[in-house]
Amino acid sequence: MRLFVSEGAPGSLPVLAAAGRAQGRAELLISTVGPEECVVPFLTRPKVPVLQLDSGNYLFSTSAICRYFFLLSGWEQDDLTNQWLEWEATELQPALSAALYYLVVQGKKGEDVLGPVRRALTHIDQSLSRRSCPFLAGETESLADVVLWGALYPLLQDPAYLPEELGALHSWFQTLSSQEPCQRAAETVLKQQGVLALRPYLQKQPQPGSFEGRAVSNEPEEEELATLSEEEITMAVTAWEKGLESLPPLRPQQNPVLPVPGERNVLITSALPYVNNVPHLGNIIGCVLSADVFARYSRLRQWNTLYLCGTDEYGTATETKAMEEGLTPQEICDKYHAIHANIYRWFNISFDIFGRTTTPQQTKITQDIFQRLLTRGFVLEDTVEQLRCERCARFLADRFVEGVCPFCGYEEARGDQCDKCGKLINAIELKKPQCKVCRSCPVVKSSRHLFLDLPKLEKRLEEWLGKTLPGSDWTPNARFIIRSWLRDGLKPRCITRDLKWGTPVPLEGFEDKVFYVWFDATIGYLSITANYTDQWERWWKNPEQVNLYQFMAKDNVPFHGLVFPCSALGAEDNYTLVSHLIATEYLNYEDGKFSKSRGVGVFGDMAQDTGIPADIWRFYLLYIRPEGQDSAFSWTDMLLKNNSELLNNLGNFINRAGMFVSKFFGGYVPEMVLTSDDRRLVAHVTLELQHYHQLLEKVRIREALRSILTISRHGNQYIQVNEPWKRIKGSEADRQRAGTVTGLAVNIAALLSVMLQPYMPTVSATIQAQLQLPLPACSILLTNFLCTLPAGHQIGTVSPLFQKLENDQIESLRQRFGGGQAQVPPMPAVVEAAATAAPRQVQVLMDEVARQGNIVRELKAQKADKNQVAAEVAKLLDLKKQLALAEGKPLETPKGKKKK
């Protein structure tokens, strides 16, 4: 046999990969020919790849050549593979040809390229996910895998066109791409030029017509139903018919919640927010809201779940905020802890514990871990050059120094890390450093400090990661960040600071220092648990029985995936370490970043003043959750998603289903006699429910939300096709049909209310109250769709769930939060009169504020007369007003110290 292939010919990829399967089974000569060479004598145009058989016959279809090689290797044909090959030829190839033409010939990028093929990629991903198999036709690689891989490789070898959210597709593609026959095929055809190697071939192809890449989830007719076997349908209907009797008894509630041997014990943390600021929407989705969805889902699965968080209260950030507001650090912590707690309460975050780090338990546990590290030789002592602000009379914490990144030139790099290039920085390495408080240039001073000897712990960390990462649900960005740190080699990291507000260092000669939050903030999870129960070690020193899920934005990955594990491994006290590290990318605001000072973006304490319910905020933030890449909050998109997905899709279906029961059947669920179409719908809903479970078990939160909306769309289609409002007026058979459709629809609505519970808990409870859903069905979500509202069940009063968002309402909010908040305060005349003063005047006022702040702090430290303190505080506040006016900033309503 002789195989003719050509560089830059896409069809050569899969045939070369398939040829590897037949190696040793027959004698094969592979010849590389030019694209213009005619190797088939009876064809008038050049054609490659071509397989010339020993009989003299030719195969010149890519699929036919690949099939021949697979048959030689002993592979047996099957129907599913044939279906995939037909789909590849009729659906995938037209979309892929358009995408490659746009990319290579026309030079388009991004969604212009991905749009035509996105629907096909999603189809592959969903098929892999639903069948829970590593390959398209089962547990082993098939002809379909090689043909589809070869077709997709030129596009997907560029990570930009392999969407991170399509996890199953990502895993499948990487598995095949790592195999030697596939690697050799790619090297032969693309010659290290990537997709550009296809340019000569693609330039000869006709320009594709206007290819409309349809969004997978927007229009009802685009929701293709998977092919189901009779066995799958029968199993789904059997489970449906068992109804409420399938539900297990509810888990007894514990207080406190403690691990139970033999059960799945899930410990969930969300990154501790800094106490000194108000969280914006990006902070909320990155940590607490994502973790809340998973915690609520875990409880629905009857897993023994503890979800905790709290405010991170120590450090320079708190001292600085206290200085700004004329309060003590403890008063600042008390004030902002309450603000955080109120915000999360409004967003309906279901913490079992929301604590704080300024507690005796934090001191005790941190000092114990430190002492164990010290005695085992994992702590070093060294002299450090630090930046000190002479104007503020303090050493500056890394996050309170800002300057030009020495690596990438980013002008707003922090003193510990550059947000643009991600590299770690020592503050003294910054170019043009500035104190973020007073904007003066700090000076370098020396001080003795303690270091965690990370290089000595590196081998332990590597061994732990080697056991933990395979099979875990660490997000790709978390894996990448930790591996990049290890690739560069770990270096000792300073764990002490010259501050007063922090956990004291229990070592002679270091009594005037505290632990750096870099070291002890993550220990806050342990101390918060210890304040919740004196049996905290059953969670935190029990790795054999506890699954630890930790949620955060990507900038927190090093602390959770490296620093704390190294500290815990070095302490040698059997600490529970993170099993699944879930990190989001960043959420931006419209076209920029959130900024409290500039009035840009929605912050947690502002969301409740918009008139938009918390569940709508939850839904939209989760819908745009930045999982694989940064995403952006958009007012226009929020309006569209509310009005289309919630109002017209989800709300419309649930309201109609309930209203039909009330209007046509007196509020009682009618008898249901399922037809073959109804049975198939039950099976499809079951399949989508199982997909929802698969996604949430892998913490793919955004994608699982799509499953809810997909089921709702199926429900709307079902009602629309069967028209129960017409059938109820017809014959007895028609009325019975109307009853079946209504009964099945209202049971789908009941299922949706439970699936929705992790995402929109208030809406979920409202639906369940309207449908009078039995309590066990509200609290448990199985993997099968059950009839939880049997015939004769009486529902309650049904009313609309969602309200339309209007354009003028949204435009007003866009203006308000787009940097125009300076016009909102209750003193517009003062604001309008404010003009930016000369820099010299501003600097004088800044000096006065700093000086007066020192006076106030000294008086408080001396416990001076209250009236004297109050007089000096009044002077400070007046100076701050003058400074705000001089800088052209809006005046804030004074927030005095709380009365005790």
Side-chain angles (χ1 to χ4, degrees), residues 10 14 63 78-100 102 111 113-138 141-156 161-177 208 211-229 232 627-628 680 683-695 698 700 702-714 717:
S63 294
D78 62 272
D79 288 340
L80 187 54
T81 295
N82 289 333
Q83 290 175 31
W84 274 114
L85 294 178
E86 181 179 346
W87 178 84
E88 187 268 344
T90 59
E91 298 287 337
L92 177 61
Q93 278 298 343
L96 192 57
S97 297
L100 289 171
Y102 296 153
E111 194 58 32
V113 175
L114 195 53
V117 81
R118 186 183 287 279
R119 185 166 180 263
L121 298 181
T122 303
H123 174 70
I124 300 171
D125 181 77
Q126 290 179 347
S127 298
L128 290 164
S129 297
R130 284 169 175 154
R131 295 188 176 276
S132 297
C133 293
F135 298 103
L136 295 172
E141 178 189 324
S142 73
L143 169 61
D145 295 291
V146 170
V147 171
L148 266 70
W149 172 85
L152 290 166
Y153 183 82
L155 182 67
L156 299 193
Y161 298 110
L162 181 52
E164 284 284 354
E165 65 267 22
L166 303 183
L169 172 66
H170 201 280
S171 176
W172 170 84
F173 181 74
Q174 295 297 345
T175 298
L176 288 166
S177 298
F211 189 96
E212 296 298 331
R214 296 173 291 173
V216 176
S217 61
N218 287 347
E219 300 298 332
E221 65 269 22
E222 293 172 1
E223 293 295 339
E224 293 185 359
L225 297 179
T227 303
L228 293 166
S229 67
E232 288 174 312
E627 292 184 2
R680 185 167 281 101
H684 280 301
V685 171
T686 298
L687 191 66
E688 199 62 53
L689 170 62
Q690 290 170 351
H691 189 220
Y692 167 93
H693 280 297
Q694 289 166 1
L695 291 168
K698 292 292 184 183
R700 288 162 65 182
R702 185 180 64 190
E703 210 172 328
L705 179 55
R706 269 49 168 193
S707 290
I708 297 173
L709 301 173
T710 296
I711 291 175
S712 177
R713 267 188 285 276
H714 290 334
Q717 287 176 297

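Below, each value reflects all heavy atoms present in this structure, side chains not excepted, and no hydrogens, waters or symmetry copies.
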So how far is it from Thr122 OG1 to Arg119 CZ, rounded to the nearest 0.5 Å? 9.5 Å
Treating Ser171 as the side-chain partner and Gly167 as the backbone partner, does any N or O pair qualify as donor plus acceptor under 3.5 Å? no
Smallest heavy-atom separation, Val117 atom then Ala99 atom, equals CB-CB, 4.4 Å
Taking all non-hydrogen atoms of both residues, which atom of Ser707 and which atom of Glu688 are closest, and how far apart? OG-OE2, 3.0 Å
To check you understand the geometry: which heavy-atom pair defines the closest contact between Glu141 and Phe135, and what is its length? N-CD1, 3.5 Å
Less than 4.5 Å apart, any side-chain heavy atom of Thr710 and any of Arg713? yes
Looking at residues at least two apart in the chain, or sitting in another chain, which of them share a ring pair (Phe, Tyr, Trp, His ring centres under 6.0 Å) with His693? Tyr297
Under the salt bridge (charged side-chain N to carboxylate O under 4.0 Å, His left out) test, residues paired with Glu165 that sit two or more places apart: Arg118, Arg702
Ile124 and Leu166: side-chain contact (heavy atoms from CB on, under 4.5 Å), yes or no, with the steps? CA-CA 9 Å; Ile124 300 171; Leu166 303 183; over 6 Å; no
So Leu121 and Leu162, side-chain contact (heavy atoms from CB on, under 4.5 Å) or not? Walk me through it. CA-CA 9 Å; Leu121 298 181; Leu162 181 52; 5.9 Å; no
Which residues pass the side-chain contact (heavy atoms from CB on, under 4.5 Å) test with Pro154, not counting sequence neighbours? Leu13, Leu100, Val195, Leu198
N/O donor-acceptor pair under 3.5 Å between Glu232 side chain and Ser229 backbone: yes
What heavy-atom pair brings Tyr102 and Pro116 nearest, and what distance separates the two atoms? CE1-CG, 3.8 Å
So CG of Leu155 and OH of Tyr161: to nearest 0.5 Å the spacing works out to 7.5 Å
CA sep, side-chain torsions, deciding dist, call: Arg706, Asp125, salt bridge (charged side-chain N to carboxylate O under 4.0 Å, His left out): CA-CA 14 Å; Arg706 269 49 168 193; Asp125 181 77; over 6 Å; no
Residues in side chain to side chain donor-acceptor pair (under 3.5 Å) contact with Gln93, at least two apart in sequence or another chain: Glu88
Just jot down the side chain to side chain donor-acceptor pair (under 3.5 Å) partners of Ser712, sequence neighbours excluded, or say none. Asn649
Mind checking side chain to side chain donor-acceptor pair (under 3.5 Å) for Ser177 and listing every partner two or more places apart, or none if nothing turns up? Trp149
Is there a donor in the side chain of Trp172 and an acceptor in the side chain of Asp145, or the other way round, less than 3.5 Å apart? yes
Can you sort out the partners of Ala137 under side-chain contact (heavy atoms from CB on, under 4.5 Å), two or more places apart, ordered by chain and number? Asp78, Leu80, Thr81, Ser142
With sequence neighbours excluded, residues passing side chain to side chain donor-acceptor pair (under 3.5 Å) with Ser63: none
Distance, nearest 0.5 Å, that separates CG of Leu687 from CD of Gln126: 9.5 Å
Partner residues of Gln694 under the side-chain contact (heavy atoms from CB on, under 4.5 Å) criterion, sequence neighbours left out: Ser129, Ser132, His691
Testing the basics here: between Pro14 and Val147, what is the closest heavy-atom pair and its distance to 0.1 Å? CB-CA, 4.1 Å
Pairwise side-chain contact, Ser127 with Trp84, heavy-atom cut-off 4.5 Å (strictly under): yes
Closest heavy-atom contact between Leu92 and Leu148? CD2-CG, 4.1 Å
